[in-house]
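Below you'll find the structure, written out as structure tokens, and then a few comments.
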Amino acid sequence: MIKEIIEKNLKRIEKDLKEIKDVQNIDFIDIFPISEEHRKLLDNEAIKIGKIVEKTERGNVYLLNTPLTTEYGQLSLLKVRFYDETRINWEAAADFVVKDRKVLEDKVGKDPRFKYIVRPDWDAIEFKTKDTLIYFLNPLASEVYLNNK
């Protein structure tokens, strides 16, 4: 189920992602369950294919035993989010690494699909359309979750 959700999401965002210059690879993905039951099923599957590296206020982060191969590189980390009905439009949100984040920062305020988000420990550029929810984080999710272990 998890692999199918990830593949469906990456297929869905393919067209919009082509607009982003110099995407290097996928870094992380948040999976949005469609119900509390669905979340439990996803967590049960995730614990079989990986291990919890962090329990967050938004869901469990898993390091996969065997990275998933995607057309955007190897995916080792995912989060099964707690059920949130505001996220039902998307099955997942992927984080990507880009060669030069400044190019994306320059689009914030000029292109309504780009939004800058600042939190105490990180910042992100969000790219959002009806089909796509993508993030470009600083620091990268993989750096945060893997360097703490």
Side-chain angles (χ1 to χ4, degrees), residues 1-20 22-99 101 104-105 107-108 113-149:
M1 185 171 19
I2 287 174
K3 188 173 185 204
E4 289 79 16
I5 290 170
I6 292 169
E7 287 172 354
K8 179 180 179 187
N9 180 257
L10 294 178
K11 186 73 179 154
R12 183 210 271 243
I13 68 174
E14 195 173 51
K15 182 174 165 257
D16 284 337
L17 192 58
K18 285 182 181 160
E19 289 189 45
I20 309 294
D22 293 330
V23 170
Q24 293 186 311
N25 59 282
I26 191 167
D27 184 60
F28 182 81
I29 197 160
D30 274 345
I31 297 176
F32 304 126
I34 56 173
S35 67
E36 183 56 24
E37 278 179 38
H38 189 225
R39 184 202 56 83
K40 289 176 184 171
L41 289 171
L42 291 168
D43 270 328
N44 286 336
E45 180 182 342
I47 202 68
K48 291 175 185 166
I49 61 172
K51 68 177 184 179
I52 295 177
V53 290
E54 193 161 322
K55 293 183 177 189
T56 76
E57 73 282 355
R58 292 203 169 117
N60 295 330
V61 177
Y62 295 89
L63 174 63
L64 300 175
N65 298 328
T66 304
L68 291 175
T69 301
T70 76
E71 65 181 284
Y72 304 103
Q74 298 290 308
L75 178 64
S76 298
L77 286 165
L78 63 88
K79 182 189 298 168
V80 175
R81 293 279 292 258
F82 293 130
Y83 171 64
D84 176 356
E85 64 188 29
T86 67
R87 297 290 183 178
I88 289 184
N89 286 356
W90 307 277
E91 58 277 299
D95 295 4
F96 288 90
V97 179
V98 288
K99 187 174 180 180
R101 230 170 141 251
L104 299 177
E105 290 170 6
K107 292 179 182 285
V108 174
R113 300 172 300 174
F114 290 89
K115 178 178 163 189
Y116 195 61
I117 300 167
V118 178
R119 296 291 187 269
D121 298 329
W122 55 270
D123 64 82
I125 298 167
E126 177 186 73
F127 179 77
K128 184 176 181 181
T129 71
K130 69 178 180 52
D131 292 324
T132 301
L133 190 57
I134 299 173
Y135 292 93
F136 304 92
L137 270 71
N138 177 39
L140 298 173
S142 59
E143 292 172 358
V144 171
Y145 294 122
L146 297 179
N147 290 345
N148 292 340
K149 305 305 151 221

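Without hydrogens or angle criteria, Asp27 side chain to Ala141 main chain gives a donor-acceptor distance under 3.5 Å. In terms of modelled atom types and a separation under 3.5 Å, the side chain of Asn9 and the main chain of Ala92 share a donor-acceptor contact. Between the side chain of Glu4 and the backbone N or O of Met1 there is at least one donor-acceptor pair closer than 3.5 Å.
In this structure, Asp43 pairs ionically with Arg39, as a charged nitrogen and a carboxylate oxygen lie closer than 4.0 Å. A salt bridge does not link Lys48 with Glu45: none of the charged nitrogens is closer than 4.0 Å to a carboxylate oxygen.
Taking CD1 of Ile34 as the reference point, atom CD of Glu85 lies at 13.0 Å (rounded to 0.5 Å). The CD1 atom of Ile13 sits 12.5 Å away from atom CD of Glu19, with the distance rounded to the nearest 0.5 Å. Atom NZ in Lys51 sits 14.0 Å away from atom CG in Asn60 (nearest 0.5 Å).
Between Gly59 and Phe82, the closest heavy-atom pair is N-CE1, 3.4 Å. Pairing each heavy atom of Ile26 with each of Phe96, the nearest pair is CA-CD2, 3.6 Å. When every heavy atom of Tyr145 is checked against every heavy atom of Leu77, the shortest pair comes out as CB-CD1, 4.2 Å. Contact between Leu42 and Pro33 at its shortest, heavy atoms only, is CD1-CB, 3.9 Å. Contact between Arg101 and Asn138 at its shortest, heavy atoms only, is NH1-CB, 3.4 Å.
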(request) For the pair Lys3 and Glu7, evaluate salt bridge (Lys or Arg N to Asp or Glu O under 4.0 Å) and give the outcome as yes or no after the intermediate values. (result) CA-CA 6 Å; Lys3 188 173 185 204; Glu7 287 172 354; 3.8 Å; yes
(request) Give the intermediate values and the outcome of side chain to side chain contact (heavy atoms under 4.5 Å, CB included) for residues Asp16 and Phe127. (result) CA-CA 9 Å; Asp16 284 337; Phe127 179 77; 3.5 Å; yes
(request) Assess whether side chain to side chain contact (heavy atoms under 4.5 Å, CB included) is satisfied between Phe114 and Glu105, documenting all intermediate values. (result) CA-CA 8 Å; Phe114 290 89; Glu105 290 170 6; over 6 Å; no
(request) Go through Ile6 and Ile31 one step at a time and tell me if the side chain to side chain contact (heavy atoms under 4.5 Å, CB included) criterion holds. (result) CA-CA 8 Å; Ile6 292 169; Ile31 297 176; 4.2 Å; yes
(request) Please report the C-alpha distance between Phe32 and Thr86 in whole Å, then the side-chain angles of each, then the deciding distance to 0.1 Å, and finally whether the side chain to side chain contact (heavy atoms under 4.5 Å, CB included) criterion is met. (result) CA-CA 10 Å; Phe32 304 126; Thr86 67; over 6 Å; no
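Residues Glu126 and Tyr135 have side chains that bring a donor and an acceptor to within less than 3.5 angstrom of each other.
Considering only heavy atoms from C-beta on, Thr66 stays 4.5 Å or farther from Ile49 through its side chain. Between Thr132 and Leu17, every side-chain heavy-atom pair lies at or beyond the 4.5 Å cut-off. At a threshold of 4.5 Å between non-hydrogen side-chain atoms, the residues Ile52 and Leu63 do not count as touching.
By the salt bridge (charged side-chain N to carboxylate O under 4.0 Å, His left out) test, Asp30 pairs with Lys79, Arg81, sequence neighbours left out. Annotation: salt bridge (charged side-chain N to carboxylate O under 4.0 Å, His left out) contacts of Asp22 (sequence neighbours excluded): none.
Heavy-atom neighbours of Glu37 CD from other residues, nucleotides or ligands within 6.0 Å: at or below the threshold of 12.
For the side chain to side chain contact (heavy atoms under 4.5 Å, CB included) criterion with Leu137, the lone passing option out of Val97, Ile125, Asp123, Asp95 is Asp95.
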